[in-house]
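So the structure is just underneath, and the comments pick up after that.
Index from 1, following the sequence. Every heavy atom of this structure was used, including side-chain atoms; hydrogens, water molecules and symmetry mates were not. On a predicted model such as this, the values are computed, not experimentally measured, just so you know.
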Amino acid sequence: MSASPFTDLPLPAAMQKNLTSLGYQQMTPIQAQSLPHALEGKDLIAKAKTGSGKTAAFSIGLLLNLNQRDFGTQALVLCPTRELSTQVAKEIRRLARFKDNIKVVTLCGGQPIGPQIGSLAHGAHVVVGTPGRIQDLIRKNKLDLSRCTTVVLDEADRMLDMGFFEQIEGVISHTPKKRQTLLFSATYPDGIKQLSKDLQDNPVEVTVEAIHSTSQIDQRFFALNGTRKEDALSRILGHYQPESTVIFCNTKAQCADVADHLRAQGYFAAALHGDLDQRDRDQVLVQFANRSNSILIATDVAARGLDISDLQAVINYDLPRDPEVYVHRIGRTGRAGKEGLALSLYRDSEEYKLEAISEYQSLTLDQESLSTLKKTSDELPEKPAMRTLAIAGGRKDKIRPGDILGALTGDAGIAGSAVGKIDVFDFVAYVAVERSLARKAHGRLINGKIKGRRFKVRIL
Ligand code: ADP
Ligand code: MG
């Protein structure tokens, strides 16, 4: 695919400049195919997968159409889950930096509705959220979509899987007939065709087949030959010692077992599955992304749509049946020009899966023996570089990342370079600090103030 720079597009200078500052020079394939149509105001039905850069593909046009002086909601993005909504809103806010004062609000279920009503009262140019909650807010007369002229359905197939068909159509019926509707979906089941028929006007279709190139990924397959899977996993981890790993299992129960097994061996590992409440889920993801945990164990469903990339290794504890799922899983490693590592365990009876995977990528895959790997030693695994502190205050307390950084550093504080990722949620904030400095950082926070107040702080 030939490279297409953003400068090929008729974008205002301020937008170009902001894209450059975000490090966006070349469009991703989905952006190169969608943006010219989206900027012309056409409806679009786009087939694209996670990690393809969809958010910018629909947000650039949407942002250019906003009139900042009108505080009415002018753009609506429907997403399947709260996490995806949060990710999309974050990306839209970054892309919106070329203009002043664009307000982006997320409205999702599983969270108190009161504060959401409050935030809408001040106006919101862009609303991002899940269909159910948005429908509630329309019913309560708290959200007016009568001037909402851009509508986006992100991961539409997933929204249909979750049973949102009626809600989606219900919500969109409150927007003007004359609007732009952009529909993004990884697959094209009948429900999607129906949605498009009901909601779109002469849409342009674009498809981006290729996901990630796997050429940068070192793929290794280990025959179990009677070794217990748990032992094989320990052996692989002990040998490669990856700093960040996602382990894929086919079931939730398996994820929980693997997490227990690894923690018992001293690994900093946590499972991500549907039964976690939202707060625990956020916590698991934060601790992995900020390098306080080195292993995340997940099912495909739990990991879908999450922006976890740049992993050193992906391990298939269970091989997926579908080679496309396999390629999608391993595509989370080997990004940004770095070599990735994909390690898979399989039983004799699963050789047919290996063949399908090999055929799908037109590659011959080497099968290796576990016995070539270093024996597991009794030493404990290397600890992750960072440790997380949880602060019992967040955005609703007007805490911003800079406030936390300020409270930790300064006179007799810890060095700014020892502070890692800071994540601020509505009611809680997490900050990663170098592991050896966790107690000092904790002391600093509990004895000091953030935004003039004292907050409870825990070391996780
Ligand atoms: P999707 O919604 O398709 O899963 P996202 O929109 O979340 O993908 O983008 C995935 C990642 O790629 C994000 O971290 C985003 O900031 C980054 N990204 C998107 N477009 C570009 C680009 N043109 N150049 C560099 N990075 C990009
Ligand atoms: Mg997305």
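- Under a cut-off of 6.0 angstrom, the local environment of CD in E382 is sparse, with at most 12 non-hydrogen atoms contributed by other residues, nucleotides or ligands.
- Side-chain atoms of R444 come within 3.5 Å of backbone N or O of A407 as a donor-acceptor pair.
- Between I391 and Y430, the closest side-chain pair of non-hydrogen atoms is not below 4.5 Å.
- Panel note: side chain H37, backbone L44; no donor-acceptor pair is recorded below 3.5 Å.
- Considering every non-hydrogen atom in both L120 and A124, the closest pair reads CD2-CB, 4.2 Å.
- Between D260 and R263 there is a salt bridge, since a side-chain N of the basic residue sits under 4.0 Å from a carboxylate O of the acidic one.
- Judged by distance alone, with hydrogens and angles left aside, the side-chain atoms of N290 form a donor-acceptor pair with the main-chain N or O of S292 at under 3.5 Å.
- Looking at V88 and F58, their side chains come closer than 4.5 Å, going by heavy atoms from C-beta outward.
- Both tests hold for K229 against Y317: distance to the six-membered ring centre under 6.0 Å, angle to the ring axis within 45°.
- Once rounded to the nearest 0.5 Å, the distance linking CG of D43 with CG of L183 reads 9.5 Å.
- Summarising the geometry of V206 relative to S34, their closest heavy-atom pair is CG2-OG, 3.9 Å, with the distance given to 0.1 Å.
- Under 3.5 Å, the side chains of N250 and T299 contain no donor-acceptor pair of N or O atoms.
- Side-chain contact, R147 with T149: no donor N or O sits under 3.5 Å from an acceptor N or O.
- Residues E83 and R281 are paired through a salt bridge, judged by an N-O separation under 4.0 Å between the basic side chain and the carboxylate.
- Between L237 and I315, the closest side-chain pair of non-hydrogen atoms falls below 4.5 Å.
- Here CD of Q25 is found 9.0 Å from OG1 of T7. Values are rounded to the nearest 0.5 Å.
- R279 forms no cation-pi arrangement with F425, by the criterion of a distance under 6.0 Å to the ring centre and an angle within 45° of the ring axis.
- The existence of a salt bridge linking K451 and D397 is excluded, since no basic side-chain nitrogen approaches an acidic carboxylate oxygen closer than 4.0 Å.
- The environment of R179 atom CZ is dense: over 12 non-hydrogen atoms of other residues, nucleotides or ligands sit within 6.0 angstrom.
- Under the 4.5 Å side-chain criterion, counting only non-hydrogen atoms from C-beta, P80 is in contact with M159.
- Scanning both residues, A298 and C255, for their nearest heavy atoms gives C-SG, 3.6 Å.
- A donor-acceptor pair under 3.5 Å links the side-chain atoms of Q74 to the main chain of N67, judged by distance alone.
- Using a 4.5 Å heavy-atom cutoff, the side chains of T181 and T175 are not in contact.
- Note that CG of D318 and CD1 of I247 are 11.0 Å apart. Values are rounded to the nearest 0.5 Å.
- For Q68 (side chain) and D100 (main-chain N/O), a donor-acceptor pair under 3.5 Å exists by modelled atom type.
- The existence of a salt bridge linking K421 and D423 is confirmed by a sub-4.0 Å separation between a basic side-chain nitrogen and an acidic carboxylate oxygen.
- With contacts defined as side-chain heavy-atom distances shorter than 4.5 Å, the pair I297/L262 qualifies.
- By the 6.0 Å contact criterion, CZ on R435 is enclosed, its count of non-hydrogen atoms from other residues, nucleotides or ligands being greater than 12.
- Nearest approach of C249 to V258, heavy atoms of both residues: SG-CG2, 4.0 Å.
- Of the possible donor and acceptor atoms, none in the side chain of K383 sits under 3.5 Å from a partner among the backbone N and O of Y267.
- With hydrogens and angles disregarded, no donor-acceptor distance shorter than 3.5 Å links the side chain of D154 to the backbone of L78.
- Counting only heavy atoms from C-beta outward, the side chains of T130 and S85 approach each other to under 4.5 Å.
- Remark: L22 CG to F6 CZ distance equals 9.5 Å, nearest 0.5 Å.
- Under the side-chain contact (heavy atoms from CB on, under 4.5 Å) test applied with T150, the options L66, L76, L62 reduce to a single match, L62.
- Under a 3.5 Å cut-off, the side chain of H125 and the backbone N or O of K103 do form a donor-acceptor pair.
- In this structure, the side chain of T73 does not engage the main chain of L145 through any donor-acceptor pair within 3.5 Å.
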message = Does D282 form a salt bridge (Lys or Arg N to Asp or Glu O under 4.0 Å) with R82? I'd like the steps, not just the answer.
response = CA-CA 10 Å; D282 288 339; R82 186 177 80 115; 2.5 Å; yes
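- A pairwise comparison of heavy atoms in A57 and L35 identifies O-CD2, 3.4 Å as the closest pair.
- By the neighbour-count criterion of 12 heavy atoms within 6.0 Å, atom CD of E243 is sparsely surrounded, having that number or fewer from other residues, nucleotides or ligands.
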ask   = Could you go step by step and tell me if L64 and L11 meet the side-chain contact (heavy atoms from CB on, under 4.5 Å) rule?
value = CA-CA 9 Å; L64 292 175; L11 299 175; 3.7 Å; yes
message = Is there a side-chain contact (heavy atoms from CB on, under 4.5 Å) between C79 and V77? Walk through the geometry before answering.
response = CA-CA 6 Å; C79 298; V77 182; 4.0 Å; yes
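- No hydrogens or angles considered: a donor-acceptor pair under 3.5 Å links the side chains of R94 and Y24.
- Residue-environment remark: CZ (R439) stays at or below the threshold of 12 foreign heavy atoms within 6.0 Å.
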message = Let's go through L153 and L199 carefully: what are the C-alpha distance in whole Å and the side-chain angles of both, what is the deciding distance for side-chain contact (heavy atoms from CB on, under 4.5 Å) to 0.1 Å, and is it a yes or a no?
response = CA-CA 11 Å; L153 306 179; L199 303 172; 4.2 Å; yes
request  = Would you please test S185 and E155 for side-chain hydrogen bond (donor to acceptor under 3.5 Å, both in side chains) and show each step?
outcome  = CA-CA 5 Å; S185 186; E155 311 221 1; over 6 Å; no
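- To the nearest 0.5 Å, the span separating CG on L276 from CD on Q283 amounts to 10.0 Å.
- The structure places CZ of F184 at 8.0 Å from NZ of K54, a figure rounded to the nearest 0.5 Å.
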query = Yes or no on side-chain contact (heavy atoms from CB on, under 4.5 Å) for V327 and R329, after CA distance, side-chain angles and deciding distance?
reply = CA-CA 5 Å; V327 170; R329 285 182 180 181; over 6 Å; no
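- Contact between Q116 and L137 at its shortest, heavy atoms only, is OE1-CD1, 3.9 Å.
- Between the side chain of R235 and the backbone N or O of L373 there is at least one donor-acceptor pair closer than 3.5 Å.
- Residues M15 and L19 meet the side-chain proximity criterion, which asks for heavy atoms closer than 4.5 Å.
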